[in-house]
Protein chains: 2
Amino acid sequence: MVEDASSSGAPTLEAVAARAGVSRATVSRVVNGSTTVKPEAIRAVQQAIAELDYVPNRAARSLASRRTQTIALIVPESAAKVFADPFFASVVQGVALALARTDYTLTMLIESEADPTKTGRYLRGGNVDGGIVVSHHESDHSYVDAGIPMVFGGRPIDGGESAGPTVDVDNRNAARAAVEHLVERGRTCVATIAGPQDMPPGLDRFAGFREALEAAGLDASLVEFGDFTPASGAIAMRRLLERGVPIDALFAANDQMAIGAYSAIREAGLSIPEDIAVVGFDDDVHSATAVPPLTTVHQPSVDMGASMASILVDLIEGREAPTATLLPTTLVVRQSS
Amino acid sequence: MVEDASSSGAPTLEAVAARAGVSRATVSRVVNGSTTVKPEAIRAVQQAIAELDYVPNRAARSLASRRTQTIALIVPESAAKVFADPFFASVVQGVALALARTDYTLTMLIESEADPTKTGRYLRGGNVDGGIVVSHHESDHSYVDAGIPMVFGGRPIDGGESAGPTVDVDNRNAARAAVEHLVERGRTCVATIAGPQDMPPGLDRFAGFREALEAAGLDASLVEFGDFTPASGAIAMRRLLERGVPIDALFAANDQMAIGAYSAIREAGLSIPEDIAVVGFDDDVHSATAVPPLTTVHQPSVDMGASMASILVDLIEGREAPTATLLPTTLVVRQSS
DNA sequence: TTGAAAGCGCTAACAC
DNA sequence: GTGTTAGCGCTTTCAA
């Protein structure tokens with residue numbers, strides 16, 4: 001179906017102007033919602049736009065306005081983890097959904113391990129208006145001074161100044177509350193499967209664990225480390241059990257490791273929660289349907305993504321934005337504790 | 001740090017040309033790998049590019065060349081599922097990784113339910129060179145004739161002509177093999193939790209289930225439907241058990257529903273695989289660490305994403321590409337069967 | 001093999 | 001309020 005015999009590709013602003021009987025500038029004004037246009041002109045333009053099925057060309061708009069209306073989502077190449085981890089997946093989902101309601105477009109930037117400077121150069125090349133970083137594993141944030149606004153998920157590694165606003169949950173206090181819950185249930189030999197200690201969530205949840213036990217006067221030496229994967233949780237749990245000391249509760253730094261621990265606990269012929277009560281962290285999709293359903297710390301992951309997106313948009317558009325946003329967690333008590 | 005006192009923002013091609021002592025056209029040729037440039041000129045330009053830390057401006061390039069070097073990843077607004085589903089997450093990961101090795105950029109397009117035409121208009125607006133569609137729930141693919149190449153994950157709904165190349169696994173035969181495995185293990189009362197029957201994977205896996213049982217002369221009426229979520233799996237399993245007829249095996253149309261079924265089976269005081277053998281589909285991250293580890297059909301999800309990406313790039317660049325790619329599945333036998 | 005020049009489709013002063 | 005006029009930074013004929 002040919003819309004306009006004289007045009008070859010998509011209709012241009014010029015075609016709209018001609019059809020509406022106004023100048024290109026006026027069409028541009030209407031498209032961009034300028035208030036200084038006569039109502040009748042607005043109507044004429046809108047009708048022409050509809051008739052022609054006109055869509056502004058992003059590249060041209062961006063070139064002329066020096067804005068790209070594009071936001072980069074920066075994920076590490078070890079993206080396996082980013083997407084396999086339901087928590088990150090929800091954060092991404094939150095970002096994407098929030099942005100879908102704006103005029104911004106999301107582009108995914110995988111940090112190439114082969115060429116670590118690629119990401120930074122792309123950001124500095126004026127191709128995006130801002131960036132969202134959803135991992136903290138690396139401390140080499142060479143893109144921090146990309147000259148454009150950046151928002152980070154999770155607090156920066158200690159010592160590293162935050163390069164921009166952060167959106168996070170209070171991991172330490174949330175972990176502390178989770179462990180206190182175990183203590184209140186009468187558990188006295190509480191172990192933990194901590195996360196990697198080069199990542200803030202790993203560090204902070206571990207700190208919360210220790211705080212809770214020390215406050216209760218309990219031993220806090222039943223510790224093994226995992227890398228947030230189910231398999232690492234299973235391995236860590238086996239090591240804890242092999243110590244041969246009594247354990248009546250476990251705090252896992254995330255749900256995936258908790259689920260991994262489930263299998264090790266079962267292998268050992270122990271039952272949950274009778275022999276060992278388990279609490280996780282994240283409240284991912286699988287925790288509610290685990291057997292038994294997992295008590296865990298719920299993080300508002302979709303909201304975190306949405307917050308990051310809206311903070312970034314505020315920054316890009318020159319509005320004020322909080323430099324550190326802490327979203328509330330809640331302990332979801334199910335049958336594992 | 002000011003690289004070049006005379007320039008304000010990022011260095012332009014013009015600045016590179018000046019520094020290298022050549023024309024802008026020559027710089028453009030070098031950047032785009034033209035072979036008709038003298039080696040010494042190439043070197044001079046490359047050095048200038050390095051010194052200036054020059055990055056081509058995408059918008060300008062796209063405007064002039066009428067190519068965008070951008071590929072859209074189109075996901076339904078019910079993106080909750082897309083990202084919560086580890087299978088889709090891996091597919092996306094495969095797409096992203098494959099594209100990271102090319103000059104193409106991935107932009108995520110969420111199909112707005114509020115304005116269903118938005119996606120189509122964006123695609124038709126010349127903003128991307130091609131699109132990858134990773135869901136088939138909707139039959140309204142209004143973007144099929146967006147005038148740009150499109151690649152689809154999974155075969156189209158019956159009747160709907162494929163609007164472009166598809167990448168898929170042979171769901172029917174894979175399901176059939178999974179069920180045959182149960183039959184070979186001596187199971188005779190095989191139930192299934194099928195997926196939604198408006199989605200090809202749901203349909204095809206169900207068809208494979210029936211085929212296998214009919215070929216074995218067994219009853220194929222133990223069927224309940226779920227929506228691929230763990231919760232729906234649990235509910236469906238409960239309904240199956242409530243029928244009061246003997247069941248000694250279950251084929252779930254995906255792992256998430258299989259895991260959901262696990263809890264219903266346990267609630268009923270039955271054990272896996274002694275009382276009921278279970279086989280899933282997808283081989284997602286959790287299946288190996290489930291208790292017991294789940295026997296399942298492994299899909300090469302990352303490869304599927306990568307295939308979609310490379311097929312799309314071939315199409316965009318005018319190369320031939322297969323219209324239907326079927327990737328191999330393998331039955332991973334673990335302890336649940 | 002290289003340069004000059006003409007746009008790509010749009011925005012943004014600046015006049016009117 | 002609206003039109004005119006320059007470009008935004010790059011690619012791409014066309015000549016040389």
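Just so we're on the same page: letters track the sequence lines, and every chain starts at 1. Every value quoted in this text rests on a predicted model; they were computed, and no experiment measured them.
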B:E317 atom CD, neighbour heavy-atom count above 12 within 6.0 Å: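 Result for CD/B:E317: enclosed.
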Basic-acidic side-chain contact under 4.0 Å: B:D53, A:R121: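 No, no charged N to carboxylate O under 4.0 Å.
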B:R67/B:D129 salt bridge by N-O under 4.0 Å criterion: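 No.
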Along DNA chain C (nearest heavy atom to each residue), the more 5'-positioned of B:S65 and B:E40: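 Upstream on the strand: B:E40.
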Position toward the 5' end of DNA chain C (nearest nucleotide), B:L63 or B:V37: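 Nearest nucleotide further toward 5': that of B:V37.
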NA contact type, [X], heavy-atom cut-off 4.0 Å: base, sugar-phosphate, or nothing?
| X | result |
| --- | --- |
| A:V31 | nothing |
| A:A59 | nothing |
| B:S28 | base |
| A:T26 | sugar-phosphate |
| B:R67 | sugar-phosphate |

A:R29 (side chain) and D:dG3 (base): donor-acceptor pair under 3.5 Å: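 Checked by distance alone, the answer is yes.
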Out of [options], whichever nucleotide has its closest atom nearest the side chain of [X]:
| X | options | value |
| --- | --- | --- |
| B:P56 | D:dC10, C:dA12, C:dC10 | D:dC10 |
| A:K38 | D:dT2, D:dC10, D:dG3 | D:dT2 |
| B:S23 | C:dG3, C:dC8, C:dC10 | C:dG3 |
| B:L13 | D:dC10, C:dC10, C:dA12 | D:dC10 |

Taking only the side-chain nitrogens and oxygens of [X], find out if one of them lies under 4.0 Å from OP1 or OP2 of [N].
| X | N | value |
| --- | --- | --- |
| B:N57 | D:dC8 | no |
| B:R61 | D:dG9 | no |
| A:R66 | D:dG9 | yes |

Side-chain donor-acceptor pair present, A:R61, A:N32, cut-off under 3.5 Å: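 Indeed, the side chains of A:R61 and A:N32 share at least one donor-acceptor pair under 3.5 Å.
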A:V30 backbone acceptor or donor facing A:S34 side chain under 3.5 Å: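 A pair under 3.5 Å: no.
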Nucleotide D:dC10, atom P - distance to CZ of B:R58 in whole Å: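 In whole Å, D:dC10 P lies 13 Å from B:R58 CZ.
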